[in-house]
Amino acid sequence: MTDFPIHAALKLDIAVIGAGQAGLSSAYHLKKLGLVPGRDFMVLDEAPRSGGAWQFRWPSLTLSTVNRVHDLPGLGFAQFAGDDETVKASVAVPHYFSAYEDHFDLKVLRPTKVTMVCDRGERLRIESDRALFAVRGIINATGTWENPYIPSYPGADRFGGRSLHTRDFRSAEAFAGQHVLVVGGGVSAIQLLDQISRVTRTTWVTRTPPRWREGPFDEDAGRKAVAMVEERVRAGLPPRGVVSVTGLPVTPAIESMRKRGVLDRQPMFSEITPTGVRWEDGMELDVDVILWCTGFRSSLDHLAPLLLQEESGGITMTGRLATQVAKDPRVHLVGYGPSASTIGANRAGAAAARELASFLDLVD
Ligand code: FAD
């Protein structure tokens, strides 16, 4: 860690790290509280363009296949989404976010990758690939896209086929003529299994049997799901994947996959072989591709010097919507745990802005 004198750093009250749904909602609410972007607070984002992680989503993720992109506060998405449901989410959402940043003049500094945040007593020092900042508080909104999760299995390094995470998936057609093993039991696994099985042979494996959820996922079910995740992070436990609390909705697409025999799920294999995978009982399967639809983890490595983590592996959260880090009230995490959804990020951005600004005596 190179030691810069604090006086070489740009002094601000607050830094918002990340300009996805969570960061933009936080910035909107800081501005609404009277703080001035570029003077009192700065939004830093490493991506080359607006759009948060949406700019990197695979091309077949369209507005008709996303769960739902909730409006950011103060400016609705509909006018940017248009009527064409087949428009790529990676086009429509960045277009919306870019217009949003301009509309509210949020002055996002990009590309700016924050590499480290450390405690320097009265201020937090933020090192980035562009400049140094000395701030009194942070709203971290760095999402999960930078941190794909692939569980380790013996033999992975010997596999002669292609092994990739959903993050790097581009199209089902790229697998034509190959046998694709889809690993994972979440919404992305199901969506990609549906697409790939229409092009080529697939096998589906999950650690536990899928928890199908018949019937609509109404507001009440949504609230219960968020409450379960919130309980975990308030106890300092790592947040679990979304589907662990919501279950898998049985949609018409699922019904048709059932009819096509695509959802005959196998349990997880025990190891990877040079030509495929092997189960405990010795059964083997040759595959050409292993597609890990095994989710993401929060991108928080740059906060490591702050030692926020508990022994349990999580971060104890507090505050009205569990955005404030109990160990360091100068740090808020938005888009983490219960706020890791577009609607959750919106609400949490408002709570974090209000709580941090009052903690720093910037508002009454
Ligand atoms: P992101 O959108 O990931 O934004 C984080 C930002 O932080 C990025 O711009 C990144 O460049 C920046 N960043 C990261 N690290 C650094 C760093 N070190 N320095 C500087 N900048 C950094 N949720 C829904 O509500 N509806 C959906 O339909 C939906 N579909 C999804 C589909 C997929 C494939 C995935 C993976 C997730 C989906 N989600 C959906 C969840 C979605 O991630 C959240 O809802 C929400 O969009 C996350 O917003 P965010 O601002 O927390 O993170």
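All ligand and atom numbering here is 1-based and tracks the order in the structure. As the structure is a prediction and not an experimental result, all values here were calculated from the model.
Scored by the side chain to side chain contact (heavy atoms under 4.5 Å, CB included) test, Ser341 finds Ile343 as partners (sequence neighbours excluded). Applying the side chain to side chain contact (heavy atoms under 4.5 Å, CB included) test to His95 and every residue at least two apart in sequence or in another chain returns Phe80.
Every pair passing salt bridge (charged side-chain N to carboxylate O under 4.0 Å, His left out) that includes a residue from residues 42-55 is listed here, sequence neighbours excluded: Glu46-Lys113.
Ion pairing between a basic and an acidic side chain is recognised when a charged N comes within 4.0 Å of a carboxylate O; Arg234 and Glu231 show no such pairing.
Put simply, Val289 and Phe269 are part of two different groups of oily side chains (I, L, V, M, F, W, Y) that touch within less than 4.5 Å, one to the next.
Nearest heavy-atom pair across Arg170 and Arg57 is NH2-O, 3.4 Å.
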Check ligand 1 for N or O atoms under 3.5 Å from a protein N or O and list each pair with its distance.
| unit_1 | atom_1 | unit_2 | atom_2 | d |
| --- | --- | --- | --- | --- |
| ligand 1 | 2 (O) | Ala53 | N | 3.1 |
| ligand 1 | 9 (O) | Asp45 | OD1 | 3.2 |
| ligand 1 | 9 (O) | Asp45 | OD2 | 2.6 |
| ligand 1 | 11 (O) | Asp45 | OD1 | 2.9 |
| ligand 1 | 15 (N) | Glu46 | OE2 | 3.2 |
| ligand 1 | 18 (N) | Val114 | O | 3.0 |
| ligand 1 | 19 (N) | Val114 | N | 2.9 |
| ligand 1 | 21 (N) | Glu46 | N | 3.1 |
| ligand 1 | 25 (O) | Arg68 | O | 3.4 |
| ligand 1 | 25 (O) | Thr342 | N | 2.9 |
| ligand 1 | 25 (O) | Thr342 | OG1 | 2.7 |
| ligand 1 | 26 (N) | Arg68 | O | 2.8 |
| ligand 1 | 28 (O) | Asn67 | N | 2.7 |
| ligand 1 | 28 (O) | Arg68 | N | 3.2 |
| ligand 1 | 43 (O) | Arg57 | NH2 | 3.3 |
| ligand 1 | 45 (O) | Thr342 | N | 2.9 |
| ligand 1 | 47 (O) | Trp54 | NE1 | 3.3 |
| ligand 1 | 51 (O) | Gln21 | N | 3.0 |
| ligand 1 | 51 (O) | Ala22 | N | 2.9 |

